Each structure stands twice: as C-alpha cells, then as structure tokens.
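A quick note: this is a predicted structure, and the numbers were derived from the prediction, not measured. Order of listing sets the numbers, starting from 1, for every ligand and every atom in it.
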Amino acid sequence: MDQYRVFGNPIAQSRSPFIHLAFAKATGQQLHYKSQFVEHGEFANAVNDLIALKGKGANVTAPFKEEALAIADVLSERARLAGAVNTLTLKDGKIYGDNTDGEGLVQDLLRHNIELRDSNILLLGAGGAVKGVLLPLLAQNPTSITIANRTVSKADALIKQFNDGRLNACGFEQTVNQAFDLIINATSASLSGNLPAISSSIINSKVVCYDMVYSKQLTPFLSWAKEQGASTVIDGLGMLVGQAAVSFAIWREVKPEVTPVINQLKKALLES
Ligand code: ATR
C-alpha cells in the first residue's frame, strides 16, 4: 500500500493522520498515512528512509518546513515564495516540494462564501504564516492586502520581497479607522492567549474576522472581535483540513470533500 507520513517535532498533537485517513476512506483510496516524530537534525534521514520504503509523499510541519524546502529537487512557485514546504511528493526519483497552506486558507474562505475579489484584506503578522498565504490570496484578485505587524520592518521586508502594488505594510496602530472587509490573524499571539494590539475601530458587523489557529473555545482574537461587534468569526480548523485536502489531491489526483471531516474534528474537539 502507498505510504505517506507527516513529519514534525512535536507531532503527537497532529490531526493529519485522522484527516488523510478520512479522505482515503471517503474517496476509496488505499493508503497508509502516519505521523512520525523526527529528532532535530534528522529530517533528511527521515525523508530518505521514506524514499527507501518507496513512500509516495509526506506532509511537513514545524520545525521542518524550511528544511523541506531545501531538500526538494523541484519547487512550486507558491512554495518558493512562501519559503517553506508542507507537502513533499516522491515521484520518478525526485522530491517535489509544494506549500498548500495558502490554498487551504483560500478554499476555506470561499467555502464560507467570503468574497475575496475586490476586497480589502488586513493580515495581522509578518511571519511564516503570512508569507505562506500571500501568493494564493493575491491570486484571488483582492483590491489590497495590508500587512500589519508588531515589528513593522518585518512587514516592510515582506512587501519588498513580493513586490506587488496591492500590498501595503504598517504597524498595528496605523490600521485605525481604515475600512477592511476581512481581517486575518496570522500572528502566533493566540497560541499564548494574547491579542495583537489592534484598534477596535476597524471592527464592525460587516467585517469578517478569521484566525488561522483554532481551539475548543473561540480564540482570544475571535472572542475579542465578536465583543467589538463582528458578526462573522471563523477559526482555522477549516484551513487545516483545506491544506490537507490540497495535499491529498496532489498525491491522489482526487479532491476529497472537506466539510464532513471538519465537522468530525469539531465534534471531537468539543468532546475533548
Ligand atoms: P509563524 O510561522 O507562525 O508566522 P513566526 O514566524 O514566529 O511564526 O511569526 C510570528 C508572528 O506573530 C510575528 O508576526 C510576530 O510579530 P513580531 O514580528 O513583531 O515578532 C507575531 N506575534 C507573536 N506574538 C505576538 C503578540 N503577542 N502580539 C502581536 N504579534 C505577535
């Protein structure tokens, strides 16, 4: 049976095996997919071991996404610009590297019927998470994407690198009173229970607020946005399943349905 892995450190928390095995069942695909803890410095060996097993592919999570980029023989444009690879495909003696995070986000937004074309988007953060989603978001033809970051120089560096007239960089305080259709929290602040220091003046009932992370309760950013009057708040569970679906489609050439898997994960999260 075709072998797949998700490599990470830590990895025990990964939902990827559950998601990919659910996709395989739903699409009638025969495959093995399991998580593998990889010691620091052992990533290349882990990939080579999978190649020796005639494995077909792997997902890659923290902290190995940059190493995965370096090890790939062939890179997709979106992986190159993201500076990170989350999907390796092992084919014809070559390692192909791709990054499906941004497409996972875009597909989740579209699944929620959020209009991206001609929209004004605010991205909070300027780390790997933002870099990974810029190209797929730009491909949806928004009017503008503003990257606001605590450390403004990082946002500046990102827009220099992407060199697209629709991109702006600023600090959190400069977003005051601007009009956005969609605000995406891509900072890691939620993970430590913190909020990016943005003004409530940019929240209203029409603006959609999205957090790339998810948790059992609303994330700090989404619960704050709701308190400030946002009516649509969405967490990153759909993005997680979405990026997996794009990886699965690359490997198996069949696109799985995401909604049933998102619902199963939501149920498991609420029961945990
Ligand atoms: P990731 O790969 O998840 O994007 P990262 O590259 O370490 O992780 O980037 C983390 C992002 O979250 C950065 O934009 C960081 O802001 P700085 O560049 O100023 O460090 C942002 N971040 C982390 N904690 C934050 C907080 N409490 N408030 C605001 N931004 C925060």
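- In this structure, F221 has no ring pair (Phe, Tyr, Trp, His ring centres under 6.0 Å) partners at least two apart in sequence or on a different chain.
- Contact residues for ligand 1 (protein heavy atom closer than 4.0 angstrom to any ligand atom): G125, A126, G127, G128, A129, N149, R150, T151, K154, F172, T187, S188, A189, N194, P196.
- Summarising the geometry of T87 relative to S247, their closest heavy-atom pair is OG1-OG, 2.8 Å, with the distance given to 0.1 Å.
- Under the salt bridge (Lys or Arg N to Asp or Glu O under 4.0 Å) criterion, E271 pairs with K267, not counting sequence neighbours.
- With sequence neighbours left out, the side-chain contact (heavy atoms from CB on, under 4.5 Å) criterion links V152 to D156.
- For the residue pair T219 / D211, a side-chain donor-acceptor distance below 3.5 Å is found, with atom types taken as modelled.
- A salt bridge links K65 with D101: the closest approach of a Lys/Arg side-chain nitrogen to an acidic carboxylate oxygen falls below 4.0 angstrom.
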